[in-house]
Amino acid sequence: MKTIDRSFINGEFKPTRGTKLFDLYDPSTAEIIGRTVLGDELDMLDAIGSAREAFKTFSTTSVAERGEMLLRLHEALEKREDALVETAILEYGSPVTATVGRTRAAANAFLEARETLLDYPLEMKAGKKLVVMEPVGVVGAITPFNADYGHICGKLAPAIAAGCTVVVKPSENNGLETELLCRCIQEADIPPGVVNVVEGRGGELGPILCGHPDVAMINFTGSTRVGKEIAALGAGTMKRFCLELGGKSPNIILDDADIDKAAALALVIGFSNSGQACHAGTRLLVPKKRLDEVEASLKRAVTKLKIGHLRDADSFIGPLVSRKQFDTVQSYIRSGLDEGAELLAGGPGHPEGLGGYYARPTIFTKVSPSMRIAREEIFGPVIALMAYEDEEQAVEMANDTVYGLAAFVSSADPDRAVRIGRRIRAGMVVVNDTIGAVVAGPAAPLGGMKESGLGRAGGRWGLEAYLEPKVIA
Ligand code: NAD
């Protein structure tokens, strides 16, 4: 059993000064596989100080130098791909094919940021005035548990491209993954202090990072609840923010859609990353006149999803990350039943033959828009199916949410689907496909409207989040 008792500060693994412990579990079995010594205020202050000092010189490096560093980071992750994948399967419980995909995407984030940087005019003219795009400063990056490498690298890559230095506060659930990632970063030979990583509880380290006057920006991915706390914590020192928050995305099946195709797609959209995906299309909106067909098709399709057997290439659903997440999902399933929704598939408890934190992929039908399972983000494999009368009502129901992260539309007529997509208040709308269509290059802006966030990641939009325009006249 491994104990993570070092923080990555100023290019070195330094003994963590905090004393509290956090147990790490294999979510497939609920057995303890490791332990993290959580950092405390002194570790966090040390990391912020190191990032502040490094910023003085790192912010003056050339585009070519930073481009080289981004290449080295990409190569360092590529070199350790097998170990990164194995660690994420063990600690996070995600099936191998998806884990390989996410690990490669994390490594490729550095290439994408490099390409964007090489194309981006860091100086431009506004009439006779000179406009200079400067790195914003020290960035606090706070990440969730559902794609450790991807979230950390997705923030480091544009920050480094811009010339910023970073203090990362990763999710406490990913200690083994984060430690291995730090080894890759160390091997990439980035100047000391450019990347610093401190493990710890969000409630304890978050306020230090978010309130510190030497930190210019907070880039946070996580729940809307914590996002709001962070915005309040950072307001006193007028932080810049990029907030990628929760979602409850609608997936509209239009009346002209191929029902079997749309139903199979709905399961991928709703259950990808074992339902622990911010963009998951968990509100399935179905035309009343085709409801029976959709229900029958979903019932057939769900039996074909492979659960468990995480190292099999065709495995699709793994366990939830933790006991806490498992309990949350169970309580939502019970609330759906209590509020009168009907089970089309799944339900409470574990899938047959599996223990740990595995939940049953669950589809509710006869859901009304006021039920909790229709309104609140569950972050587990639970789909709520609701029927609509006509296109107008479908759009209204899709927009009836505080969230605005993603939306999905299935139709035989892509132009019709795009017309509807234009009316949905969401940062990303996908037609006849999964979120992969949005993430695939060339880079596009990724992020949410309404309470799903502030700012965008990806491409030049993502780079600009780390830059401040300055005019010299
Ligand atoms: P969370 O909000 O509970 O925690 C996220 C991070 O914030 C963790 O590192 C946690 O330790 C830290 N944190 C907690 N309290 C804090 C505080 N007071 N101050 C500062 N930091 C604090 O989220 P989670 O459970 O790890 O992840 C699931 C959530 O993340 C879901 O809501 C999901 O939608 C969201 N998410 C959003 C996106 C996106 O791109 N929009 C992507 C992935 C996940």
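Just so you know, ligand 1 is whichever comes first in the structure, and atom 1 is the first atom listed for that ligand. Note that the numbering runs from 1 along the sequence shown for the chain. Everything numeric here is computed off the predicted structure, so don't read it as measured data.
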Which pair of heavy atoms, one from Cys164 and one from Val139, lies closest together, and at what distance? CB-CG2, 3.9 Å
Which atom pair, heavy atoms only, marks the closest approach of Gly18 to Val37? O-CG1, 3.2 Å
Regarding [X] and [Y], does a basic nitrogen lie under 4.0 Å from an acidic carboxylate oxygen?
X      : Y      : value
Glu12  : Arg6   : no
Arg225 : Glu229 : yes
Glu468 : Arg240 : yes

[atom]: nearest protein contact (heavy atom, Å):
atom                    : result
atom 27 (O) of ligand 1 : Pro144 CB, 3.3 Å
atom 25 (O) of ligand 1 : Phe145 CE2, 3.2 Å
atom 13 (N) of ligand 1 : Gly202 CA, 3.4 Å
atom 33 (C) of ligand 1 : Phe379 CE1, 3.3 Å
atom 42 (C) of ligand 1 : Cys278 SG, 3.0 Å
atom 2 (O) of ligand 1  : Ser223 OG, 2.6 Å
atom 7 (O) of ligand 1  : Phe220 CE1, 3.2 Å
atom 35 (C) of ligand 1 : Gly222 O, 3.2 Å

For atom 23 (O) of ligand 1, is there a protein heavy atom at a distance under 4.0 Å?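 Protein heavy atoms within 4.0 Å of atom 23 (O) of ligand 1 - there is at least one.
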Atoms of ligand 1, numbered as shown, that sit under 4.0 Å from any heavy atom of [X]:
X      : result
Val226 : 2 (O), 13 (N), 14 (C), 15 (N), 16 (C), 17 (C), 22 (C)
Pro170 : 9 (O)
Glu377 : 31 (C), 32 (O), 33 (C), 34 (O)
Gly206 : 19 (N), 20 (C)
Ile230 : 19 (N), 20 (C), 21 (N)
Glu244 : 37 (C), 38 (C), 39 (C), 40 (O), 41 (N)
Ile142 : 6 (C), 7 (O), 9 (O), 12 (C), 20 (C), 21 (N)
Leu405 : 41 (N)

Ligand 1 to [X] polar contact by distance, N or O atoms, under 3.5 Å:
X      : result
Ser452 : no
Thr221 : no
Leu245 : yes
Thr224 : no

Run the numbers on Thr434 and Phe408 for side chain to side chain contact (heavy atoms under 4.5 Å, CB included), then give the verdict. CA-CA 8 Å; Thr434 65; Phe408 303 84; 5.6 Å; no
Heavy atoms from other residues, nucleotides or ligands near [atom1] of [X] exceed 12 (cutoff 6.0 Å):
X      : atom1 : answer
Glu86  : CD    : yes
Met238 : CE    : no
Lys324 : NZ    : no

Could you check which of Glu199, Lys169, Met428, His151 puts a non-hydrogen atom nearest to atom 10 (C) of ligand 1? Lys169
Give the C-alpha distance, both sets of side-chain angles, the deciding distance and a yes or no for side chain to side chain contact (heavy atoms under 4.5 Å, CB included) between Tyr120 and Met133. CA-CA 10 Å; Tyr120 190 85; Met133 300 299 281; 3.5 Å; yes
Evaluate side chain to side chain contact (heavy atoms under 4.5 Å, CB included) for Phe8 paired with Gln186, printing each intermediate quantity in order. CA-CA 9 Å; Phe8 185 63; Gln186 193 180 40; 3.9 Å; yes
Closer than 4.0 angstrom: is that true for some heavy atom of [X] and an atom of ligand 1?
X      : value
Ser171 : yes
Gln325 : no
Ala277 : no

Which one of Phe145, Tyr332, Phe326 satisfies the ring pair (Phe, Tyr, Trp, His ring centres under 6.0 Å) criterion with Phe379? Phe145
Please classify the Gln276 to ligand 1 contact at 4.0 Å (heavy-atom distances, strictly less than): side chain, backbone, both or neither.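 Neither part.
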Which residue is it: Leu354, Leu310, Ile307? I am looking for the one with a side chain to side chain contact (heavy atoms under 4.5 Å, CB included) to Pro319. Leu310
Among Asp5, Asp43, Asp46, which residue satisfies the salt bridge (charged side-chain N to carboxylate O under 4.0 Å, His left out) criterion with Lys14?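 Among Asp5, Asp43, Asp46, the one that satisfies the salt bridge (charged side-chain N to carboxylate O under 4.0 Å, His left out) with Lys14 is Asp46.
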Before giving the answer on side chain to side chain contact (heavy atoms under 4.5 Å, CB included), spell out for Phe271 and Ile383 the whole-Å C-alpha distance, their side-chain angles and the decisive distance to 0.1 Å. CA-CA 8 Å; Phe271 294 156; Ile383 291 175; 3.6 Å; yes
